[in-house]
Protein chains: 2
Amino acid sequence: MLKNTFSYRYKKAITMKTVTEMTGLSERQVRYWEEKKLVFPERTSSGIRRYSFSDIELLMNIAEKRRLSLN
Amino acid sequence: MLKNTFSYRYKKAITMKTVTEMTGLSERQVRYWEEKKLVFPERTSSGIRRYSFSDIELLMNIAEKRRLSLN
DNA sequence: CGTGTAAGGAATTCTGACACG
DNA sequence: CGTGTAAGGAATTCTGACACG
């Protein structure tokens, strides 16, 4: 059961559109932060990025910290 | 923490391609079982289906039962 | 540096239908 | 009944580049 719990959180299964909707970030931002080695999506065989819920939380944390540093 | 655990499992965030890869089912099968009221994905504003990990487990359970009944 | 955007192509998704059995 | 498939269109995703500041 615990094992499954973790797999839900870390399983890379979510595509870009859903990520931008859940985080409020733009595609550009999400890809840029990947370029900066802040997030590491997997890729499907055709090159589509797939993120985990954990990745999404990470992105939201980064965004929040950035907001705080700007104010 | 527990609340988050459940949200990972039930959050509708996964699109068709990933579902077919995780379940081994065809798109046709997944859509047909929806037609039969066995699974209930959400839809994005543009009409794209989104499934949860729970949905995927359900689909795998259905597939497994079907396999057993055929043997 | 961090992000928006237009460009062009490729992969994904959708529906309704026909086929087979 | 349950599933495959071809059709056509729409939405998504990708990369590399230019722009701005």
Side-chain angles (χ1 to χ4, degrees), chain A residues 1 3-71, chain B residues 1 3-71:
Chain A
M1 256 325 249
K3 214 190 297 182
N4 274 329
T5 290
F6 283 103
S7 73
Y8 296 139
R9 188 173 183 193
Y10 295 107
K11 179 77 177 176
K12 307 272 189 177
I14 303 169
T15 48
M16 181 59 83
K17 183 75 169 179
T18 308
V19 171
T20 61
E21 285 174 7
M22 289 181 70
T23 61
L25 299 169
S26 68
E27 295 188 19
R28 189 68 169 90
Q29 288 176 307
V30 175
R31 294 202 194 98
Y32 181 72
W33 295 355
E34 174 181 357
E35 195 180 313
K36 291 300 167 187
K37 312 291 186 190
L38 295 175
V39 62
F40 304 93
E42 288 182 353
R43 297 281 188 135
T44 66
S45 55
S46 55
I48 306 292
R49 272 172 269 249
R50 284 202 293 211
Y51 300 85
S52 66
F53 283 120
S54 173
D55 291 330
I56 289 174
E57 290 174 353
L58 176 63
L59 288 169
M60 289 192 294
N61 285 337
I62 296 173
E64 178 59 19
K65 280 176 190 158
R66 197 175 52 83
R67 261 192 300 276
L68 292 177
S69 73
L70 291 178
N71 293 345
Chain B
M1 257 322 251
K3 214 191 297 181
N4 275 328
T5 290
F6 283 103
S7 72
Y8 296 139
R9 188 173 185 194
Y10 295 108
K11 179 76 178 175
K12 310 272 189 177
I14 303 169
T15 49
M16 181 60 83
K17 183 74 170 180
T18 307
V19 171
T20 62
E21 286 173 6
M22 290 182 69
T23 61
L25 299 168
S26 68
E27 293 188 20
R28 190 69 168 87
Q29 286 176 308
V30 175
R31 293 202 194 98
Y32 181 71
W33 295 356
E34 174 180 356
E35 194 180 315
K36 291 302 166 189
K37 312 289 184 190
L38 295 175
V39 62
F40 304 93
E42 287 182 355
R43 298 281 188 135
T44 65
S45 55
S46 55
I48 306 293
R49 271 172 269 249
R50 284 203 293 210
Y51 300 85
S52 65
F53 284 120
S54 173
D55 291 330
I56 289 175
E57 290 174 352
L58 176 62
L59 288 169
M60 291 192 293
N61 285 337
I62 296 174
E64 178 60 18
K65 278 176 191 157
R66 198 176 52 83
R67 261 191 299 277
L68 293 176
S69 73
L70 290 178
N71 294 343

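Protein chains get the first letters and strands the later ones, always in sequence-line order, with residue 1 at the start of each.
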Reading DNA chain D 5' to 3', how would its secondary structure be written in dot-bracket notation, given Watson-Crick and G-U pairs with both distances under 3.5 Å, brackets [ ] for crossing pairs and | for partners on other strands? .||||.||.|.|.||.||||.
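Contact check, A:Thr15 against D:dT12: no side-chain N or O comes under 4.0 Å of OP1 or OP2. Residue B:Trp33 has no polar side-chain atom (N or O) positioned under 4.0 Å from OP1 or OP2 of D:dG2. In this structure, B:Ser46 reaches the D:dT12 phosphate: one of its side-chain N or O atoms is under 4.0 Å from OP1 or OP2.
Minimum interatomic distance between B:Ile14 and A:Ala13 (heavy atoms only, all atoms of both residues): CG2-O, 3.8 Å. Scanning all heavy atoms of the two residues, the minimum distance from B:Leu25 to B:Thr20 falls at O-CB, 3.3 Å. Nearest heavy atom pair, residue B:Tyr8 against residue B:Phe53, reads O-CD1, 3.4 Å.
The OH atom of B:Tyr32 sits 17 Å away from the C1' atom of C:dT15 (whole-angstrom rounding). Atom-to-atom, CZ of B:Arg43 to P of D:dA10 comes out at 17 Å; the value is rounded to the nearest Å. Atom-to-atom, OH of B:Tyr51 to P of C:dT12 comes out at 16 Å; the value is rounded to the nearest Å. Computed from coordinates, the B:Gln29 CD to D:dT5 P distance equals 11 Å when rounded to whole Å. Atom pair A:Glu21:CD and D:dT13:P shows a separation of 9 Å (rounding to whole Å applied). Rounded to an integer number of Å, the gap from CD of A:Glu42 to C1' of D:dC14 is 18 Å. In this structure, the CD atom of A:Glu27 is 11 Å from the P atom of D:dT15, given to the nearest Å. In this structure, CG of B:Leu59 is placed 15 Å from P of D:dG2, rounded to the nearest angstrom.
Residue A:Arg49 places its side chain closer to D:dT15 than to any other of D:dT15, D:dT13, D:dA11.
Using a 4.0 Å heavy-atom distance criterion, B:Arg31 is classed as a base contact. Among the atoms of the strands shown, none is found under 4.0 Å from any heavy atom of B:Arg50.
The CZ atom of A:Arg49 lies 11.5 Å from the OG1 atom of A:Thr15; values are rounded to the nearest 0.5 Å. Distance CG/A:Asp55 to OG1/A:Thr23: 11.0 Å, rounded to 0.5 Å. Separating the NZ atom in B:Lys17 from the OG1 atom in A:Thr44 is a distance of 7.5 Å, to the nearest 0.5 Å.
Between B:Met22 and B:Tyr51 the shortest side-chain heavy-atom distance does not fall below 4.5 Å.
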Audit row: A:Glu34, A:Arg31, salt bridge (charged side-chain N to carboxylate O under 4.0 Å, His left out) steps and yes/no: CA-CA 5 Å; A:Glu34 174 181 357; A:Arg31 294 202 194 98; over 6 Å; no
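Put simply, the side chain of B:Lys12 gets close to the backbone of B:Phe40: a donor and an acceptor are under 3.5 Å apart.
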Pairs under 3.5 angstrom, nitrogen or oxygen only, protein versus nucleotides 17-20 of chain D, please.
none

